[in-house]
Amino acid sequence: HVTSGKTAARWIVSLRDVGAADDGEIGFEALCALGKSLAETALPPGARLTVVANGLHAFAHEQPLLPTKALLQGPARVLPNEVPGLTTRVVDIVWPAENAETLVEALLAEARGGGSAEPFVALRGRDRWVQTVEPAPIAAPAQTPLREGGIYLITGRLSAIGLVPAEDLFRRARARLILLGRSAPGAEVQRRIDALRAAGAEVAVVAADVANEAALRRVREQFGPLNGMIHAAGTAGGGALARRTPAERTGVLAPKVQGTLALDRVFGGDALDFFVVMSSLTAQLGEFGQADYAAANAFLDGCSNSCVTLFV
């Protein structure tokens, strides 16, 4: 509830995900439900939502990230674009806190709008860190991680998004390719697959859902250990948070969240040279109607920065 009698709350603070286990999908749904209530409430000027959690950012000597908590960033980024007058901030903390009094004071300042308009903040003792974005130069690697004739799995819709890296892997290393997607390839994609095969490529097309762990285990049994994976599966979102159902949101999260976790469980024991996950700028931009898709890609970003076994 975000009202008391007829008065709407001006400052809303969510502490649900402080100290919670890494059950971020539950926290994500709880935040979506709160967002729906906010969208249906006449908020006062200057309304602020502060979402407090731990495990979103890791500094030196800290515990590893909790990747599914990154899902909170989806609704937090999108809600200001869907709820007029609302600003949001996600605050990452260390829990249990070394100094509870200092932490409470800092959180109260964040809830009141301390600092400026930073949407993401990390509190460490009396230090306050903010998230910024800057260009990152991409240097050519001194040595390619590709193995000549290596076995590489590419997940995602059997479309151009998966064919581009497949063609590149074959051109660079004569790779043996496993293309996994839920639907059969269209005519143009099939033409390109045929062209790869005509050039001498070994291409296996597997119709399966990447979130189906049993299907992935069948792939593992058929093809053996992998040398690398490119996870490009995804389902686009669409629709204001207040109108989306939990089932619709789950369908968007499944390929990137459950699919990634299933890949980890099945192929985590392989000596992979790399595991590439394809995220989206939506995780940073938070466009209208994309709370679930932004959350799913924020999860991938969290995974790539965590200490999960597969990610490099």
Do side-chain atoms of [X] reach the backbone of [Y] as a donor and acceptor pair under 3.5 angstrom?
{"X": "Arg249", "Y": "Arg244", "answer": "yes"}
{"X": "Gln290", "Y": "Thr282", "answer": "no"}
{"X": "Arg176", "Y": "Gly149", "answer": "yes"}
{"X": "His231", "Y": "Pro255", "answer": "yes"}
{"X": "Asn54", "Y": "Ile93", "answer": "no"}
{"X": "Asn297", "Y": "Ser280", "answer": "yes"}
{"X": "Asn81", "Y": "Glu287", "answer": "no"}

Partners of [X] by side-chain hydrogen bond (donor to acceptor under 3.5 Å, both in side chains), sequence neighbours excluded?
{"X": "Ser279", "result": "Asp301"}
{"X": "Ser14", "result": "none"}
{"X": "Asp168", "result": "Arg171, Arg172"}

Roughly how far, to the nearest 0.5 Å, is [atom2] of [Y] from [atom1] of [X]?
{"X": "Leu177", "Y": "Glu167", "atom1": "CG", "atom2": "CD", "value": "9.5 Å"}
{"X": "Glu29", "Y": "Leu34", "atom1": "CD", "atom2": "CG", "value": "12.5 Å"}
{"X": "Thr50", "Y": "Leu108", "atom1": "OG1", "atom2": "CG", "value": "10.0 Å"}
{"X": "Asp209", "Y": "Arg182", "atom1": "CG", "atom2": "CZ", "value": "5.5 Å"}
{"X": "Leu241", "Y": "Phe288", "atom1": "CG", "atom2": "CZ", "value": "9.5 Å"}
{"X": "Asn227", "Y": "Asp273", "atom1": "CG", "atom2": "CG", "value": "6.0 Å"}

Side chain to side chain, [X] and [Y], heavy atoms closer than 4.5 Å:
{"X": "Leu253", "Y": "Phe28", "value": "yes"}
{"X": "Asn99", "Y": "Leu103", "value": "no"}
{"X": "Val83", "Y": "Thr88", "value": "no"}
{"X": "Arg124", "Y": "His57", "value": "yes"}
{"X": "Leu86", "Y": "Leu43", "value": "yes"}
{"X": "Leu49", "Y": "Leu31", "value": "yes"}
{"X": "Arg89", "Y": "Glu118", "value": "yes"}
{"X": "Gln284", "Y": "Arg77", "value": "yes"}

(request) With side chain to side chain contact (heavy atoms under 4.5 Å, CB included) as the test, would you mind laying out the steps for Asp92 and Phe120 before giving the verdict? (result) CA-CA 8 Å; Asp92 178 60; Phe120 292 92; over 6 Å; no
Is the shortest distance from a Lys or Arg side-chain nitrogen in [X] or [Y] to a carboxylate oxygen in the other one below 4.0 Å?
{"X": "Glu221", "Y": "Arg217", "result": "no"}
{"X": "Asp17", "Y": "Lys69", "result": "no"}
{"X": "Arg174", "Y": "Glu148", "result": "no"}
{"X": "Asp270", "Y": "Arg220", "result": "yes"}
{"X": "Glu188", "Y": "Arg191", "result": "yes"}

(request) List, by chain and number, the other hydrophobic cluster members for Leu285, where Ile, Leu, Val, Met, Phe, Trp and Tyr join if side-chain heavy atoms come within less than 4.5 Å, directly or indirectly. (result) Leu281
(message) Can you tell me which residue among Ile178, Val189, Ile193 is in a side chain to side chain contact (heavy atoms under 4.5 Å, CB included) with Val205?
(response) Ile193
(message) Are Leu146 and Leu163 connected into the same hydrophobic cluster when the rule is that any two of I, L, V, M, F, W, Y join if their side-chain heavy atoms are below 4.5 Å apart?
(response) yes
(request) Name all residues meeting the ring pair (Phe, Tyr, Trp, His ring centres under 6.0 Å) criterion together with Trp129; count only those two or more places apart in sequence or in a different chain, and write none if there are none. (result) Phe59
(message) The criterion is ring pair (Phe, Tyr, Trp, His ring centres under 6.0 Å); which residues satisfy it with Tyr293, sequence neighbours excluded?
(response) none
(message) Determine whether Val13 and Leu107 satisfy the following criterion, side chain to side chain contact (heavy atoms under 4.5 Å, CB included), listing intermediate values before the conclusion.
(response) CA-CA 9 Å; Val13 179; Leu107 289 176; over 6 Å; no
(request) Give the intermediate values and the outcome of side chain to side chain contact (heavy atoms under 4.5 Å, CB included) for residues Phe223 and Leu153. (result) CA-CA 10 Å; Phe223 297 99; Leu153 171 67; over 6 Å; no
(request) Using the side chain to side chain donor-acceptor pair (under 3.5 Å) rule, pick out the option among Arg265, Gln258, Arg218 that qualifies with Glu213. (result) Arg265
(message) Please report whether the ring centroid of Tyr152 lies less than 6.0 Å from that of Phe274.
(response) yes
(request) Start with the C-alpha gap between Val52 and Trp95, add the side-chain angles, then the distance that decides, and say whether side chain to side chain contact (heavy atoms under 4.5 Å, CB included) holds. (result) CA-CA 11 Å; Val52 185; Trp95 190 260; over 6 Å; no
(message) Is it true that, when you exclude Arg197 itself, more than 12 heavy atoms of the residues, nucleotides or ligands shown sit nearer than 6.0 Å to its CZ?
(response) yes
(request) Return yes when atom CD of Glu40 has more than 12 non-hydrogen atoms of other residues, nucleotides or ligands closer than 6.0 Å, and no otherwise. (result) yes
